[in-house]
Each structure stands twice: as C-alpha cells, then as structure tokens.
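In what follows, a structure is listed as structure tokens, so that the remarks can point back to it.
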Amino acid sequence: MERTSNRLILCGTGPVRPLTRLTVDATLNVAPDLIKRYQNGHYWLERRLDDLAHNRAYAMGIATGSHLIALALLTPKGAHAVKLSTFSVAPRFRSAGIGRTLLQALRCKWLADDIDRVHVTVDQDDFSTTQFFLNSNFAQTKDVLVNYGEHRWDKVLSWTPAADSRAPAFFR
Ligand SMILES: CC(C)(COP(=O)(O)OP(=O)(O)OC[C@H]1O[C@@H](n2cnc3c(N)ncnc32)[C@H](O)[C@@H]1OP(=O)(O)O)[C@@H](O)C(=O)NCCC(=O)NCCS
C-alpha cells in the first residue's frame with residue numbers, strides 16, 4: 001500500500017513482473033508497430049534492449065505461460081523522473097484490462113520510488129492510446145509536439161503523483 005498526500009491506493013504486483021532481459025522477437029510480438037515508429041527502428045530497439053541489459057533502463061510486463069502479452073520499457077531521467085519509452089499490449093489481448101493493470105503496477109512503483117514526473121510520447125494521430133493515458137491521470141503538455149522523423153509528430157503526456165491524488169478513488 002502506498003500513501004500519496006491524502007489518500008491510499010492498493011499496490012500489489014499481481015501478474016506484473018520485472019523483466020531483466022528481452023529479445024527483439026518478444027518485444028515485437030507485444031508491440032508490432034514499434035520499429036515503424038522510429039527512423040532506423042531496429043537500431044532504436046536494439047539500443048533500448050541494450051540499455052535494459054546494462055541496467056540503464058528497466059522493464060515490467062505481463063506474461064501468459066511463456067508468452068509476453070504486455071510490456072513497459074522505462075528509462076530513468078535523473079533520480080526522480082522517468083521516460084516511458086514503450087507501453088504496449090499484444091494486439092489480441094487489448095481491451096481486456098491488461099494495459100490498465102500494468103499501468104497501475106507502474107504507478108505504484110513510481111510512488112514507492114519517489115518519482116515526481118513520468119512522460120510518454122504518443123503519435124499525434126493515435127487517439128486511442130492518447131485516451132488510455134488521459135484516462136489514467138496523464139495530462140497532455142499543450143502545444144508541445146516532438147518530431148520523430150518525416151510526418152511523425154508525437155504529443156507529450158505526463159504523470160505526476162499530484163495528478164493521481166486529485167482523482168477520486170473510483171476513477172483510478
Ligand atoms: C493503449 C493500450 C496500451 C491499452 O491497453 P488495453 O489493455 O487495450 O487497455 P485496457 O483494456 O486496460 O483499457 C483501460 C482503459 O483505457 C481506455 N482505452 C483502452 N483502449 C481504448 C481505445 N481503443 N479507445 C479509447 N479508450 C481506450 C479505456 O478508457 C479503458 O477503460 P475502461 O475499462 O473504462 O473502458 C493498447 O491498446 C496498446 O498497446 N496500444 C498500442 C500502444 C502503442 O502504440 N504503444 C507504443 C507507444 S508508447
């Protein structure tokens with residue numbers, strides 16, 4: 001259980017586990033569009049997996065049997081900030097509460113780790129992923145777009161502990 005300002009939230013890890021190593025194949029099974037999102041996408045992914053193998057990044061996920069079905073890859077930015085560089089649920093497991101379960105476990109970890117800010121960038125045309133994060137107490141940074149290549153602009157969404165503490169318990 002974690003305390004943030006005037007409220008308590010239940011924090012169990014449930015099915016969510018830390019992942020210490022990841023293969024390119026396992027990652028692409030969960031996030032098939034990932035490498036299309038970046039110029040030199042394969043190279044980008046290999047660097048992220050190398051970061052993970054050398055503790056410059058961390059990952060949490062949900063598996064069924066030996067198959068990974070949800071994945072979050074995160075890069076610390078200093079002691080109190082984190083970039084959520086990938087967050088994805090395998091396509092055939094979407095809309096079943098799995099993304100919500102993974103994000104809730106991450107929020108518990110961020111509170112326990114005294115993280116002040118988490119940001120994620122989402123393709124400006126990807127309304128469903130944007131809605132998912134907005135429904136999970138992330139807020140869009142207005143008028144900021146990050147360029148990831150020709151015709152590819154991302155919105156920036158951020159979470160802070162204060163955003164969680166403002167939300168009524170039944171909305172979390
Ligand atoms: C966005 C994503 C993570 C949501 O995961 P999920 O397991 O399908 O979501 P959940 O079933 O846990 O839904 C949680 C909430 O998110 C919202 N949501 C999920 N999918 C949505 C959609 N397609 N449209 C609108 N809202 C949606 C809903 O508010 C839902 O709440 P509800 O239970 O009240 O309906 C998943 O669809 C995904 O992996 N998309 C691709 C993400 C991507 O491109 N990642 C790379 C960039 S980081």
Side-chain angles (χ1 to χ4, degrees), residues 9-17 19 22-49 51-52 57-65 67-77 81-110 115 117-141 144-149 151-159 163-164 166-172:
I9 59 173
L10 290 174
C11 277
T13 52
V16 179
R17 297 282 174 266
L19 307 165
L22 264 176
T23 62
V24 169
D25 283 353
T27 306
L28 292 181
N29 281 338
V30 179
D33 294 335
L34 191 57
I35 57 177
K36 291 183 211 149
R37 299 183 77 231
Y38 299 93
Q39 287 177 332
N40 301 316
H42 261 291
Y43 176 63
W44 178 89
L45 178 56
E46 277 166 13
R47 278 189 302 155
R48 295 292 78 75
L49 299 186
D51 287 344
L52 179 64
Y58 66 94
M60 293 179 72
I62 299 176
T64 160
H67 295 287
L68 193 63
I69 60 170
L71 167 68
L73 258 173
L74 306 103
T75 308
K77 300 283 179 188
V82 171
K83 174 165 188 201
L84 183 51
S85 53
T86 298
F87 187 97
S88 189
V89 173
R92 71 190 180 94
F93 292 94
R94 288 178 189 167
S95 302
I98 290 170
R100 182 193 289 279
T101 300
L102 179 55
L103 194 57
Q104 178 63 24
L106 287 171
R107 281 156 51 178
C108 288
K109 177 172 170 48
W110 297 332
I115 296 299
R117 181 168 296 271
V118 177
H119 80 272
V120 62
T121 75
V122 177
D123 192 300
Q124 65 171 342
D125 298 325
D126 186 347
F127 294 106
S128 62
T129 302
T130 301
Q131 200 54 49
F132 169 81
F133 283 112
L134 291 175
N135 287 352
S136 306
N137 290 345
F138 280 65
Q140 186 176 345
T141 308
V144 175
L145 288 176
V146 181
N147 183 223
Y148 280 101
H151 310 305
R152 170 71 212 292
W153 293 87
D154 273 17
K155 292 177 273 202
V156 179
L157 296 121
S158 300
W159 172 92
D164 260 16
R166 280 195 297 273
F170 49 86
F171 284 148
R172 292 194 295 267

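This chain uses plain numbering: 1 for the first residue, then up along the sequence. First listed ligand is number 1; within each ligand, the first listed atom is number 1.
Relative orientation of the Phe138 and Trp110 rings is perpendicular, given thresholds of 30° and 60° on the angle between their planes.
Regarding atom 29 (O) of ligand 1, its nearest protein heavy-atom neighbour is Asn135 ND2, 2.4 Å. Regarding atom 47 (C) of ligand 1, its nearest protein heavy-atom neighbour is Arg37 NH1, 3.4 Å. With hydrogens left out, the protein atom closest to atom 27 (C) of ligand 1 is Ser128 O, 4.2 Å, a heavy atom. The closest protein non-hydrogen atom to atom 7 (O) of ligand 1 is Gly99 N, 2.7 Å. Annotation: atom 39 (O) of ligand 1 to nearest protein heavy atom, Val89 N, 2.8 Å. Of the protein's non-hydrogen atoms, the one nearest atom 31 (O) of ligand 1 is Arg100 NH2, 2.8 Å. Among protein heavy atoms, the minimum distance from atom 16 (O) of ligand 1 is reached at Phe132 CD1, 3.0 Å. Remark: minimum distance from atom 37 (O) of ligand 1 to any protein heavy atom is reached at Arg94 CD, 3.3 Å.
Backbone and side-chain nitrogen or oxygen atoms of Ser85 are examined, and none is located within less than 3.5 angstrom of a nitrogen or oxygen of ligand 1. Geometrically, ligand 1 and Phe87 share a nitrogen or oxygen pair separated by less than 3.5 Å. Between Ala96 and ligand 1, at least one N/O pair is under 3.5 Å apart. Checked by distance only, ligand 1 and Thr101 stay at 3.5 Å or farther apart across all their nitrogen or oxygen atoms.
Annotation for ligand 1: atoms under 4.0 Å from non-hydrogen atoms of Gly97 are 10 (P), 11 (O), 12 (O).
Surrounding CZ of Arg94 are more than 12 heavy atoms belonging to other residues, nucleotides or ligands, all under 6.0 Å away.
Distance check for atom 35 (O) of ligand 1: every protein heavy atom is found at 4.0 Å or beyond. Checking atom 20 (N) of ligand 1 against the protein gives no heavy-atom contact under 4.0 Å.
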